[in-house]
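Structure first, commentary second.
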Amino acid sequence: MATIDRHATALVLAHALSAAERGLAVIPLSRTKLPALRSPHHEQPEPNPCHGECGRPGHGVYDASTDPRRIRTLFAAAPWATGYGIACGLPPHHLIGIDLDTKSGTDASAALRELALRHLFTIPATVVVATPSGGRHIWLAGPPDAVIPNSASRLAPGIDVRGAGGYLVGPGSRTEHGIYSTVAGTAHLPPASCPPALLRLLTPPPRAHQSALPQMPVPRGQGLVQFVLAAHEGQRNTRLFWAACRAYENGIGETLAEELCDAALQVGLTEREALSTIASAARLTGHA
Ligand SMILES: [Zn+2]
């Protein structure tokens, strides 16, 4: 294991806390860009269904938080962390990361420009993070009512998309390949809204009844409810727990609990399972 550099650790914690102040939920990362905390279930047979319900840290992006106290606890448990990950898809920004790769001769920036020309959108002024390998992460804000899936080279070769359940390496992070830093003049910008034409490319084909929705005002937290409704078997409890944690952290846990529970029942959890998962989310976020 790498030696622990206390100064570097303090620095990355400061970066992570400042991201959290902007409403971005973070987790500590190791030099390999992977979550720094090992799963508390690593000795049990895979796959383990727990994504934080046990109350211990070590569940990857499911640990992500904007609560400074929780973030300090996570980093204290991972003093070898040299970076931090920013969870995508969470309120208030519903962050979407457009990851432009430069590896293996692909020019992802040119591919994005071509997509923009063909689909008539422009990338707005927003946060851009330069990766040590010469790539770029473009940060965009998604709508609260859509779940943007992660994808690799689906839009075009070399363009990866980080959405719900994914994370971006935050600026100020140090990895074995170098440091991630914001491109000059973009650090102070809020993540700009994803252009609708690009959003259509990022979203899976909507079900027929959803086509009329985007014009309507969406009550707070609907993205979280959608996130649960989109759960496949095997992710239902995980997604419910995650959504409930984010709801409590954003002060809408109490008001959203019933809707989250209904969504969980719709995707096949029992009422007992759903209520117990929501209760653990409330406990973990200090609301019970
Ligand atoms: Zn667990």
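Only a predicted model underlies this, so the values are computations on that prediction, with no experimental measurement involved. Reckoned from all heavy atoms, side chains included, excluding hydrogens, waters and symmetry mates.
- His232 NE2 to Arg239 CZ: the interatomic distance, rounded to the nearest 0.5 Å, is 6.5 Å.
- Under the 4.5 Å side-chain criterion, counting only non-hydrogen atoms from C-beta, Pro35 is not in contact with Pro28.
- Using a distance-only test at 3.5 Å, with no hydrogens or angles considered, a donor-acceptor pair links the side chain of Thr285 to the main chain of Ala281.
- With hydrogens and angles disregarded, a donor-acceptor distance shorter than 3.5 Å links the side chain of Asp63 to the backbone of Gly58.
- Remark: Tyr84 OH to Ser18 OG distance equals 6.0 Å, nearest 0.5 Å.
- Expressed to the nearest 0.5 Å, how far OG1 of Thr277 lies from CZ of Phe241 amounts to 8.0 Å.
- Rounding to the nearest 0.5 Å places CG of Leu229 at 11.0 Å from CG of Leu224.
- A chain of hydrophobic side-chain contacts below 4.5 Å, direct or via other Ile, Leu, Val, Met, Phe, Trp or Tyr residues, connects Val26 to Leu95.
- Linking ILVMFWY side-chain heavy atoms closer than 4.5 Å, directly or via other members, places Ile27 and Leu17 in a single hydrophobic cluster.
- For the residue pair Thr270 and Glu273, the shortest heavy atom distance occurs at N-OE1, 2.8 Å.
- Residues Thr238 and Tyr62 meet the side-chain proximity criterion, which asks for heavy atoms closer than 4.5 Å.
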- [ ] Kindly determine whether Leu140 and Ile98 satisfy side-chain contact (heavy atoms from CB on, under 4.5 Å), including the steps that lead there.
- [x] CA-CA 8 Å; Leu140 296 171; Ile98 308 292; 3.9 Å; yes
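- Counting only heavy atoms from C-beta outward, the side chains of Ser153 and Ile159 never approach each other to under 4.5 Å.
- Using modelled atom types, one side-chain atom of His59 and one backbone atom of Arg56 make a donor-acceptor pair closer than 3.5 Å.
- When the shell of 6.0 Å around CD of Glu271 is examined, it contains 12 or fewer heavy atoms from other residues, nucleotides or ligands.
- Inter-residue side-chain proximity for Ser173 and Ile179 is flagged as unmet; no heavy-atom pair is nearer than 4.5 Å.
- Among residues at least two apart or in separate chains, salt bridge (Lys or Arg N to Asp or Glu O under 4.0 Å) pairs with a member in residues 112-124 are Glu114-Arg118.
- Taking 4.5 Å as the limit, some side-chain heavy atom of Ser65 sits within range of a side-chain heavy atom of Glu249.
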- [ ] Go through the steps for Cys261 and Ile278 under the test side-chain contact (heavy atoms from CB on, under 4.5 Å), then give the verdict.
- [x] CA-CA 8 Å; Cys261 184; Ile278 293 171; 3.9 Å; yes
TODO: Please report the C-alpha distance between Asn150 and Val161 in whole Å, then the side-chain angles of each, then the deciding distance to 0.1 Å, and finally whether the side-chain contact (heavy atoms from CB on, under 4.5 Å) criterion is met.
DONE: CA-CA 5 Å; Asn150 293 282; Val161 176; over 6 Å; no
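- Note on ring orientation: taking the six-membered ring where Trp is involved, the planes of Tyr180 and His137 are tilted (angle from 30° to 60°).
- In this structure, the side chain of His119 does not engage the main chain of Ala116 through any donor-acceptor pair within 3.5 Å.
- Looking only at side-chain heavy atoms (C-beta outward), Leu198 and Ile123 come within less than 4.5 Å of each other.
- Here CG of Leu265 is found 7.5 Å from CG of Leu269. Values are rounded to the nearest 0.5 Å.
- Of the possible donor and acceptor atoms, one in the side chain of Arg162 sits under 3.5 Å from a partner among the backbone N and O of Tyr167.
- The minimum heavy-atom distance between Pro57 and Leu74, with the atom names listed, is CB-CD2, 3.6 Å.
- The closest side-chain heavy-atom distance from Thr82 to Lys33 is not below 4.5 Å.
- Screening His93, Gln222, Gln226, His94 for a side chain to side chain contact (heavy atoms under 4.5 Å, CB included) involving Pro144 leaves a single residue, His94.
- In this structure a side-chain-to-backbone donor-acceptor pair under 3.5 Å is missing from Thr182 to Val129.
- At distances below 3.5 Å, not a single donor-acceptor pair connects side-chain atoms of Thr122 with backbone N or O atoms of Pro124.
- A donor-acceptor pair is defined here as one N or O able to donate and one able to accept, closer than 3.5 Å; no such pair exists between the side chain of Thr66 and the backbone of Leu24.
- Linking ILVMFWY residues whenever their side-chain heavy atoms come closer than 4.5 Å, directly or via other members, places Leu100 and Ile148 in the same cluster.
- Trp80 contributes a side-chain N or O that, together with a main-chain N or O of Ala36, makes up a donor-acceptor pair within less than 3.5 Å.
- Minimum heavy-atom separation, Pro79 to Ala76: CD-O, 3.5 Å.
- There is a path of hydrophobic side-chain contacts, each under 4.5 Å, that joins Val61 to Val12.
- Looking only at distances, no side-chain donor or acceptor of Arg246 sits under 3.5 Å from a matching main-chain atom of Leu90.
- Expressed to the nearest 0.5 Å, how far CG of Leu256 lies from CD1 of Ile252 amounts to 5.0 Å.
- Across all non-hydrogen atoms, the minimal contact from Ala247 to Leu260 is CB-CD1, 4.3 Å.
- No more than 12 heavy-atom neighbours from other residues, nucleotides or ligands sit within 6.0 angstrom of CZ on Arg38.
- There is no path of hydrophobic side-chain contacts, each under 4.5 Å, that joins Val127 to Phe121.
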- [ ] Tell me, with the steps shown, if Leu155 and Leu201 meet side-chain contact (heavy atoms from CB on, under 4.5 Å).
- [x] CA-CA 7 Å; Leu155 280 189; Leu201 298 176; 3.7 Å; yes
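- Summarising the local packing, CZ of Arg70 is surrounded by more than 12 heavy atoms from other residues, nucleotides or ligands at distances under 6.0 Å.
- Across all non-hydrogen atoms, the minimal contact from Cys88 to Trp242 is O-CH2, 4.0 Å.
- Summarising the geometry of Thr102 relative to Gly134, their closest heavy-atom pair is CG2-O, 3.3 Å, with the distance given to 0.1 Å.
- With contacts defined as side-chain heavy-atom distances shorter than 4.5 Å, the pair Arg72/Leu13 qualifies.
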